[in-house]
K.L.:
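Sharing a structure with you now.
Since the structure is predicted, the reported quantities are computational estimates derived from the model, not experimental observations.
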Amino acid sequence: RGIGRGRLHGYTPTSASMSPSSEEGFLLLVPLGGTNNEHGELDADAQARAQIIVDRHRLETATGRDVRVLCSGGTNPQFAFNPTPTSHWVYVVDKLVSCGLDASAIIRPGIEALHTVDEAIMVHKFIVERMLHEDPAERVGELIVLTSDFHAARARHLFGVAIGPHARCPVPHRVEEHAGRMAGEALAARVAHEAKSLEMLRTAPFGQWEEFVRENRLEAANKSKRWSRRMMPASGPTAGDDGRAGSMPPPPPPDRVEVS
């Protein structure tokens with residue numbers, strides 16, 4: 001199955017990546033955060049994303065493209081996804097490096113996001129700040145966000161609203177998904193949660209998201225259903241016959257506490 005416009009197995013880089021130009025800025029890869037335990041060990045989905053990001057980075061840079069990675073995830077005792085005092089993004093960076101990513105490709109610090117709303121808003125701000133850089137090569141030319149399949153629709157909505165000319169953040173982007181490790185009743189419950197949260201984001205935004213939408217005059221965009229169109233999940237580089245990541249650790253603990 002494809003990942004965005006390419007495939008992880010026999011992946012063909014995009015036309016943009018075949019003609020790299022410093023004037024276009026760099027390709028920014030953002031693996032969305034997951035969970036970690038008290039030892040800083042990532043859940044299975046977060047580990048899968050790390051390997052996919054490393055492989056994607058290698059394929060894109062082989063065409064001469066400048067590719068950088070921005071990791072996500074903070075820490076807060078009120079949120080169960082990270083029971084340690086160290087930011088989640090630090091553990092993601094460690095995993096990326098252990099998978100073979102050159103540390104120089106990683107943007108530090110990562111973003112201290114506690115949920116997906118944070119991630120969309122913080123990536124928006126990161127890109128906008130980079131737009132002001134006097135060197136075009138230091139601006140973001142394209143954004144690819146990677147998340148689990150069950151979470152993709154909500155992520156697409158949030159990033160679709162937050163990134164684009166309508167949000168004064170005119171960078172081409174897409175949210176790509178990989179097969180998650182949840183199954184059975186846990187997956188069914190999570191899918192239901194995602195659908196309910198997405199509907200609330202669109203029809204009754206609150207908190208940070210409501211403020212962001214209002215300040216950027218994105219009310220009409222936020223009501224639209226266009227952003228959350230579902231795409232086929234990607235089979236990872238170690239995928240088994242069922243299209244899910246093979247040779248991965250057991251299924252993850254309950255996913256992060258999400259604030260829609």
K.L.:
Which value, rounded to the nearest 0.5 Å, describes the distance between D55 atom CG and L101 atom CG?
P.N.:
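Reported to 0.5 Å precision, the distance equals 10.5 Å.
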K.L.:
Out of curiosity, R58 CZ to I53 CD1, how far, rounded to the nearest 0.5 Å?
P.N.:
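Reported value, rounded in 0.5 Å steps: 12.5 Å.
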K.L.:
Say you draw a straight line from OG1 of T63 to CZ of R65; how long is it, rounded to the nearest 0.5 Å?
P.N.:
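CZ of R65 is found 7.0 Å from OG1 of T63.
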K.L.:
Are the ring centres of H124 and F159 closer than 6.0 Å?
P.N.:
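No; F159 has its ring centre 6.0 Å or more from that of H124.
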K.L.:
Please report the closest heavy-atom contact between M182 and A186, naming both atoms and the distance.
P.N.:
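For M182 and A186, the tightest heavy-atom pair comes out as SD-O, 4.1 Å.
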K.L.:
Start with the C-alpha distance between S148 and R49, add both sets of side-chain angles, then the distance that settles side chain to side chain contact (heavy atoms under 4.5 Å, CB included), and finish with yes or no.
P.N.:
CA-CA 8 Å; S148 304; R49 279 194 287 281; 2.9 Å; yes
K.L.:
Considering non-hydrogen atoms only, spot the tightest contact between V54 and G100 and give its length.
P.N.:
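The pair with the smallest heavy-atom distance is CG1-C, 4.3 Å.
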K.L.:
What is the minimum heavy-atom distance between V171 and I163, and which atoms define it?
P.N.:
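Looking at all heavy atoms of both residues, the shortest contact is O-CG2, 3.5 Å.
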K.L.:
With rounding to the nearest 0.5 Å, note down the distance linking CG in N222 to NE2 in H166.
P.N.:
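N222 CG to H166 NE2: 9.5 Å, rounded to 0.5 Å.
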K.L.:
Can a donor-acceptor pair be found, under 3.5 Å and without considering hydrogens, that links the side chain of H133 to the backbone of D135?
P.N.:
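Checked: pair present.
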K.L.:
Can D43 and Q47 be counted as having a side-chain donor-acceptor contact under 3.5 angstrom?
P.N.:
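There is no such pair between these side chains.
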K.L.:
Measure the acute angle between the ring planes of F81 and H88, then classify it against the limits of 30° and 60° as parallel, tilted or perpendicular.
P.N.:
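Taking H88 first and then F81, their aromatic rings stand perpendicular (interplane angle over 60°).
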K.L.:
Determine whether L143 and L29 make a side-chain contact, defined as any pair of heavy atoms from C-beta on separated by less than 4.5 Å.
P.N.:
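No, their side chains stay 4.5 Å or more apart.
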K.L.:
For a side chain to side chain contact (heavy atoms under 4.5 Å, CB included) check, start with the C-alpha distance between R56 and I144, then their side-chain angles and the critical distance, and finish with the verdict.
P.N.:
CA-CA 10 Å; R56 187 59 167 269; I144 295 177; 3.4 Å; yes
K.L.:
Got a sec, which residues hit ring pair (Phe, Tyr, Trp, His ring centres under 6.0 Å) with H57, two or more places apart in sequence or on another chain?
P.N.:
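H57 satisfies ring pair (Phe, Tyr, Trp, His ring centres under 6.0 Å) with no residue once adjacent residues are dropped.
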K.L.:
Side chain of E119, backbone of G33: donor and acceptor closer than 3.5 Å?
P.N.:
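Yes; at least one donor-acceptor contact below 3.5 Å.
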K.L.:
Taking the side chain as every heavy atom from C-beta outward, state whether V30 and F126 have any pair of such atoms under 4.5 Å apart.
P.N.:
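No, too far: nothing below the 4.5 Å cut-off.
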K.L.:
Determine whether F26 and I107 satisfy the following criterion, side chain to side chain contact (heavy atoms under 4.5 Å, CB included), listing intermediate values before the conclusion.
P.N.:
CA-CA 12 Å; F26 60 88; I107 297 172; 4.3 Å; yes
K.L.:
Can a donor-acceptor pair be found, under 3.5 Å and without considering hydrogens, that links the side chain of T75 to the backbone of T84?
P.N.:
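Present.
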K.L.:
Are any non-hydrogen side-chain atoms of L158 and V175 less than 4.5 angstrom apart?
P.N.:
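Counting from C-beta outward, L158 and V175 never come under 4.5 Å.
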K.L.:
What distance do I127 atom CD1 and R168 atom CZ have between them, rounded to the nearest 0.5 Å?
P.N.:
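Atom-to-atom, I127:CD1 and R168:CZ are 14.5 Å apart.
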K.L.:
Establish, from distance only, whether the side-chain atoms of Q208 and D118 form a donor-acceptor pair under 3.5 Å.
P.N.:
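Side-chain D/A pair, Q208 to D118: present.
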K.L.:
Pairs in or reaching into residues 201-222: which pass salt bridge (Lys or Arg N to Asp or Glu O under 4.0 Å), with residues at least two apart or in two chains?
P.N.:
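Passing the test, one end in residues 201-222: E199-R202.
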K.L.:
Verify the distance criterion only: is there a donor paired with an acceptor across the side chains of H173 and E142 at less than 3.5 Å?
P.N.:
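Note: H173 and E142 side chains miss the donor-acceptor criterion.
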K.L.:
Would you please test R68 and E138 for salt bridge (charged side-chain N to carboxylate O under 4.0 Å, His left out) and show each step?
P.N.:
CA-CA 10 Å; R68 308 181 197 181; E138 292 301 317; 2.8 Å; yes
K.L.:
At what distance, to the nearest 0.5 angstrom, does CZ of R181 lie from CG of D149?
P.N.:
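Here the interatomic distance stands at 11.5 Å.
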K.L.:
Taking all heavy atoms of A105 and all of V67, pick out the closest pair and write down the distance.
P.N.:
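Closest pair (atom of A105, atom of V67, distance): CB-O, 4.0 Å.
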K.L.:
How about E177 and T147: does a side-chain donor come under 3.5 Å of a side-chain acceptor?
P.N.:
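Note: E177 and T147 side chains miss the donor-acceptor criterion.
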K.L.:
Determine the interplanar angle of the F212 and W209 rings, folded into 0 to 90°, and report it as parallel if under 30°, tilted if 30 to 60°, perpendicular if over 60°.
P.N.:
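Rings of F212 and W209: parallel, as their planes differ by under 30°.
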K.L.:
Do you see a donor-acceptor pair shorter than 3.5 Å between the side chains of D45 and H151?
P.N.:
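No - no donor-acceptor pair under 3.5 Å links their side chains.
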K.L.:
Taking N216 for its side chain and L218 for its backbone only, find out whether a donor-acceptor pair lies under 3.5 Å.
P.N.:
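Between the backbone of L218 and the side chain of N216 there is no qualifying donor-acceptor contact (under 3.5 Å).
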K.L.:
Any salt bridge linking K125 with E129? Criterion: basic side-chain nitrogen under 4.0 Å from a carboxylate oxygen.
P.N.:
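A salt bridge is absent here (no side-chain N lies under 4.0 Å from a carboxylate O).
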K.L.:
Hey, are E176 and R174 close enough for a salt bridge, meaning a charged N less than 4.0 Å from a carboxylate O?
P.N.:
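Yes.
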K.L.:
Is there a side-chain contact between L32 and T116 in this structure, where contact means two heavy atoms from C-beta onward sitting under 4.5 Å apart?
P.N.:
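In short, these two side chains touch, coming nearer than 4.5 Å.
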K.L.:
How about V123 and I111: do any of their side-chain heavy atoms sit closer than 4.5 Å?
P.N.:
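With C-beta onward as the side chain, the pair touches.
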K.L.:
Quick one: does F206's side chain get under 4.5 Å of M200's, heavy atoms only?
P.N.:
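They are in side-chain contact.
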K.L.:
Any side-chain heavy atom of V117 within less than 4.5 Å of one from L201?
P.N.:
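A side-chain contact under 4.5 Å exists here.
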K.L.:
Does a side chain donor of either S87 or E112 reach within less than 3.5 Å of an acceptor in the other side chain?
P.N.:
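Per modelled atom types, S87 and E112 side chains form a pair under 3.5 Å.
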K.L.:
Can you name the closest pair of heavy atoms from L96 and C71 and give their distance?
P.N.:
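That would be CD1-SG, 3.4 Å.
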K.L.:
Using atom types as modelled and distance alone, determine if a side-chain donor or acceptor of N82 lies under 3.5 Å from a backbone N or O of G74.
P.N.:
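It does hold such a pair.
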K.L.:
Search all heavy atoms of C169 against all heavy atoms of A162 and return the closest pair with its distance.
P.N.:
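The answer is CB-O, 4.0 Å.
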K.L.:
Are side-chain heavy atoms of S228 and L198 found at a separation under 4.5 Å?
P.N.:
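Yes; the side chains approach each other to less than 4.5 Å.
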